[in-house]
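If you're wondering where the values come from, they're calculated on a predicted model, not measured in any experiment.
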Amino acid sequence: MPDVMFTGPEGRLEGRYHQSKEERAPIALILHPHPQYGGTMNHKVVFSLFHVFVNRGFSVLRFNTRGVGRSQGRFDNGMGELSDAAAALDWLQGMNADAKSCWIAGYSFGAWIGMQLLMRRPEIDCFVSVAPPANSYDFAFLAPCPSSGLIVGAEKDEVVPQADIQKLVARLSLQKGITVESRTIKGANHFFHDSLDKLAVDVDKYVAKSLLNPPGRATSNKEP
């Protein structure tokens with residue numbers, strides 16, 4: 001997979017990109033955890049998600065937000081990172097103008113950024129959020145959630161209690177026209193030590209099923 005550099009709001013952003021050989025292949029953008037706690041595009045959960053989508057025939061981009069690795073700029077408490085994610089999606093779409101669908105996936109802090117991007121970009125068809133930090137970040141902006149997706153939690157998560165994730169799932173599931181599925185990886189902690197294979201299997205099953213039978217979208221929220 002080639003290294004790529006593309007223009008972000010505060011300078012160049014560093015990424016790793018896989019171009020599918022399939023015509024009109026779907027695209028997926030993968031977002032990393034909190035950069036101030038060691039989160040990068042090479043985090044093992046991000047790497048695992050990346051390869052789930054690669055193996056399903058997607059064109060996939062993972063990248064470092066501002067100030068991480070060779071990406072220029074400084075950490076901006078979420079707002080700048082959201083702008084970086086939007087720039088990354090622009091670049092990915094520019095490389096795949098005829099993609100038949102668009103997905104976003106994020107882990108922890110990256111899940112929070114990804115869900116915000118979902119609200120701002122009507123072309124995103126589906127999402128995967130792994131260990132979304134529902135206890136420490138506000139997800140009230142998902143009112144309502146515009147697209148179907150999968151939320152994955154860890155049974156023994158010491159950072160994000162399962163109760164908070166399930167509250168988020170329950171609230172999002174009230175939205176008509178979409179389906180928010182949830183999975184809990186038994187025995188896993190927040191970092192999915194010794195549980196990456198289980199995580200990859202559950203995400204892959206959801207992706208495979210959704211490619212065969214695309215989930216619903218809240219069309220009223222997808223209008224300009």
Side-chain angles (χ1 to χ4, degrees), residues 1-22 25-97 99 102-121 123-124 126-133 136-137 152 159-160 190-193 196 199-200 203 207:
M1 69 195 76
D3 295 351
V4 294
M5 300 293 290
F6 55 93
T7 302
E10 292 296 318
R12 292 174 300 172
L13 294 172
E14 173 191 21
R16 299 288 185 277
Y17 176 63
H18 169 80
Q19 177 68 57
S20 174
K21 296 179 181 179
E22 298 180 19
I27 58 175
L29 177 66
I30 318 296
L31 303 176
H32 65 69
H34 204 298
Q36 293 194 317
Y37 297 95
T40 78
M41 66 176 175
N42 294 320
H43 188 284
K44 60 185 180 180
V45 172
V46 174
F47 189 80
S48 182
L49 291 172
F50 182 90
H51 281 282
V52 166
F53 286 97
V54 167
N55 292 335
R56 284 291 167 187
F58 283 67
S59 291
V60 195
L61 173 68
R62 70 185 198 269
F63 77 103
N64 283 328
T65 56
R66 59 187 63 193
V68 179
R70 293 188 294 156
S71 292
Q72 296 177 323
R74 293 187 297 175
F75 178 68
D76 193 35
N77 295 301
M79 289 303 296
E81 288 69 29
L82 176 57
S83 296
D84 293 344
L89 184 57
D90 287 342
W91 184 88
L92 182 58
Q93 289 176 314
M95 296 291 291
N96 300 272
C102 177
W103 289 57
I104 190 162
Y107 163 55
S108 195
F109 175 82
W112 180 61
I113 296 296
M115 297 300 277
Q116 291 182 76
L117 188 62
L118 176 72
M119 293 297 295
R120 290 162 169 77
R121 300 294 287 263
E123 66 270 31
I124 298 175
C126 208
F127 69 87
V128 175
S129 289
V130 177
S136 55
Y137 287 90
V152 183
V159 177
V160 184
H190 184 73
F191 303 99
F192 293 88
H193 295 317
L196 284 176
L199 172 64
V203 173
V207 174

If every non-hydrogen atom of Val130 is compared with every non-hydrogen atom of Val45, which pair is closest and at what distance?
-> CG1-CG1, 4.4 Å
For residues 42-56, pull every pair meeting salt bridge (Lys or Arg N to Asp or Glu O under 4.0 Å), keeping only residues two or more places apart or in separate chains.
-> Arg56-Asp204
Please report the C-alpha distance between Asp76 and Ser83 in whole Å, then the side-chain angles of each, then the deciding distance to 0.1 Å, and finally whether the side-chain contact (heavy atoms from CB on, under 4.5 Å) criterion is met.
-> CA-CA 10 Å; Asp76 193 35; Ser83 296; over 6 Å; no
Verdict with reasoning, Val68 to His32, per side-chain contact (heavy atoms from CB on, under 4.5 Å) | CA-CA 10 Å; Val68 179; His32 65 69; 4.3 Å; yes
CG on Leu29 to CG on Leu49, rounded to 0.5 Å = 11.5 Å
Partners meeting side-chain contact (heavy atoms from CB on, under 4.5 Å) with Ser59 (sequence neighbours left out) = Tyr17, Gln19, Ser20, Ala25, Ile27, Asn96
Not counting sequence neighbours, which residues clear ring-ring contact (aromatic ring centres under 6.0 Å, His included) with Phe192? List them please.
-> none
Minimum heavy-atom separation for Gly15 to Leu61, with atom names?
-> CA-CD1, 4.4 Å
Using atom types as modelled and distance alone, determine if a side-chain donor or acceptor of Ser71 lies under 3.5 Å from a backbone N or O of Asn64.
-> yes
For Val4 against Arg16, the heavy-atom pair lying closest together | CG2-N, 4.2 Å
How would you list, by chain and number, every residue that makes a side-chain contact (heavy atoms from CB on, under 4.5 Å) with Glu10, sequence neighbours excluded?
-> Arg66
Please list, chain by chain and in numerical order, all residues satisfying ring-ring contact (aromatic ring centres under 6.0 Å, His included) with His34, sequence neighbours excluded.
-> Tyr37, Phe75, Phe109
Give the C-alpha distance, both sets of side-chain angles, the deciding distance and a yes or no for side-chain contact (heavy atoms from CB on, under 4.5 Å) between Asp90 and Arg121.
-> CA-CA 10 Å; Asp90 287 342; Arg121 300 294 287 263; 2.7 Å; yes
Hits for side-chain contact (heavy atoms from CB on, under 4.5 Å) against Ala85, two or more places apart or cross-chain, chain-then-number order -> Leu31, Phe63, Ile113, Leu117
For Ser129, what residues pass the side chain to side chain donor-acceptor pair (under 3.5 Å) criterion, not counting sequence neighbours?
-> none
With sequence neighbours excluded, what pairs up with Arg70 under the side chain to side chain donor-acceptor pair (under 3.5 Å) test?
-> Glu14
Closest heavy-atom contact between Leu13 and Thr65?
-> CD2-C, 4.2 Å
What is the distance from atom CD of Glu123 to atom CG of Leu118, rounded to the nearest 0.5 Å?
-> 10.0 Å
Which value, rounded to the nearest 0.5 Å, describes the distance between Phe191 atom CZ and Tyr107 atom OH?
-> 5.5 Å
How far apart are the closest heavy atoms of Val52 and Val203, and which atoms are they?
-> CG1-CG1, 4.0 Å
Output all residues satisfying side chain to side chain donor-acceptor pair (under 3.5 Å) with Asn42, sequence neighbours left out; order by chain, then residue number.
-> Arg62
Drop me the distance from Ile124's CD1 to Met119's CE, to the nearest 0.5 angstrom.
-> 11.0 Å
Residues Val46 and Pro33: closest non-hydrogen pair is CG2-CD, 3.7 Å
ring-ring contact (aromatic ring centres under 6.0 Å, His included) filter on Phe58, not counting sequence neighbours, yields Phe53, Trp103
Which residues share a side chain to side chain donor-acceptor pair (under 3.5 Å) with Ser108, sequence neighbours left out = His190
